[in-house]
Amino acid sequence: MATQCLASMFAIVLYCLQINSINTTSVDGVSFAINRGKSYHFENALKLNWFKAAEYCRTQDMFLVSINDEQELNDAIDYVQSSGYFGKNSDLQLWTSGNDLGESGQFYWSTTGARITFDRFADNEPSNTKYQDGSTEDCVVLERSKGRNLTFDDRPCRREYHFLCENQVC
């Protein structure tokens with residue numbers, strides 16, 4: 001039985017490497033796909049704060065998304081688009097795993113521990129704005145809105161936004 005399971009998993013990995021992409025989408029705001037070795041999960045009806053979003057992703061055996069280059073950005077946006085989100089919405093604020101919670105101004109991906117080197121921050125961002133309620137902008141969203149096309153922006157971690165979970169599979 002274990003040999004059969006291992007053989008099946010090996011066949012799936014070979015298939016992923018061969019085609020480099022598998023996409024599937026379901027309805028009711030929940031979707032899942034495998035694309036270039038990463039699987040994604042997005043619920044277009046659910047908004048959570050950064051901490052709850054990270055917690056939710058972990059319950060799915062996944063992590064908040066880390067975007068390290070243009071290809072990963074395109075894959076993430078293609079995936080969100082395949083969910084039907086942009087058919088109903090033009091703007092997007094989406095939590096990533098990026099933050100500077102450890103040291104102000106030093107942004108890292110919490111899921112990998114790697115420094116954010118893919119510079120997609122909007123002009124004058126990150127700003128680390130401090131608000132009257134004492135909150136500061138320490139967590140990173142991927143944003144698409146008027147004047148901002150797929151840029152990073154730091155936001156207060158307690159605000160609620162959509163989020164994208166990912167996992168390495170191939």
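Between Thr96 and Val141, every side-chain heavy-atom pair lies at or beyond the 4.5 Å cut-off. No side-chain heavy atom of Tyr131 sits less than 4.5 Å from a side-chain heavy atom of Thr136. Taking the side chain as every heavy atom from C-beta outward, Tyr79 and Val65 never approach each other to under 4.5 Å.
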Practice problem: Carefully, step by step, assess Asp138 and Asn128 under the rule side-chain contact (heavy atoms from CB on, under 4.5 Å). | Solution: CA-CA 6 Å; Asp138 291 317; Asn128 203 37; 3.3 Å; yes
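With sequence neighbours excluded, the residues satisfying salt bridge (Lys or Arg N to Asp or Glu O under 4.0 Å) with Arg120 are Glu70. For Asp91, the side-chain contact (heavy atoms from CB on, under 4.5 Å) criterion is met by Gln93, Ser145, not counting sequence neighbours. With sequence neighbours left out, the ring pair (Phe, Tyr, Trp, His ring centres under 6.0 Å) criterion links Phe107 to Phe121. Judged as a side chain to side chain donor-acceptor pair (under 3.5 Å), and not counting sequence neighbours, Asp69 has no contacts. Remark: Ser127 pairs with Glu125, Thr129, Glu137, Asp154 by the side-chain contact (heavy atoms from CB on, under 4.5 Å) rule, at least two apart or across chains. With sequence neighbours left out, Thr111 forms a side chain to side chain donor-acceptor pair (under 3.5 Å) with Ser66, Ser97. Asp153 pairs by the salt bridge (Lys or Arg N to Asp or Glu O under 4.0 Å) definition with Arg148, Arg155, not counting sequence neighbours. Legend: residues meeting ring pair (Phe, Tyr, Trp, His ring centres under 6.0 Å) with Tyr85, ordered by chain and number and at least two apart, are Phe42, His162. Every residue two or more places apart in sequence or in another chain was checked for a side chain to side chain donor-acceptor pair (under 3.5 Å) with Asp119, and none qualifies.
Cluster annotation: Leu48 is connected to Trp95 through the hydrophobic network of ILVMFWY side chains, with a link wherever side-chain heavy atoms come within less than 4.5 Å. In the hydrophobic cluster analysis, where Ile, Leu, Val, Met, Phe, Trp and Tyr join through side-chain heavy atoms closer than 4.5 angstrom, Leu164 is grouped together with Trp109. Transitive grouping of hydrophobic side chains (ILVMFWY, heavy atoms separated by less than 4.5 Å) keeps Leu94 and Phe63 in distinct clusters. Under the 4.5 Å side-chain heavy-atom criterion for grouping Ile, Leu, Val, Met, Phe, Trp and Tyr, Tyr108 is not connected to Leu64 through any hydrophobic cluster.
Applying the salt bridge (charged side-chain N to carboxylate O under 4.0 Å, His left out) rule to pairs touching residues 54-68 yields Lys52-Glu55, sequence neighbours excluded. Within the structure, disulfide (SG to SG under 2.5 Å) contacts touching residues 60-111 (residues at least two apart or in different chains) do not occur. Among residue pairs with one or both ends in residues 41-110, those qualifying as disulfide (SG to SG under 2.5 Å) are Cys57-Cys165; sequence neighbours excluded.
The side chain to side chain contact (heavy atoms under 4.5 Å, CB included) test with Met62 singles out one residue from Gln168, His41, Lys38, and that residue is His41.
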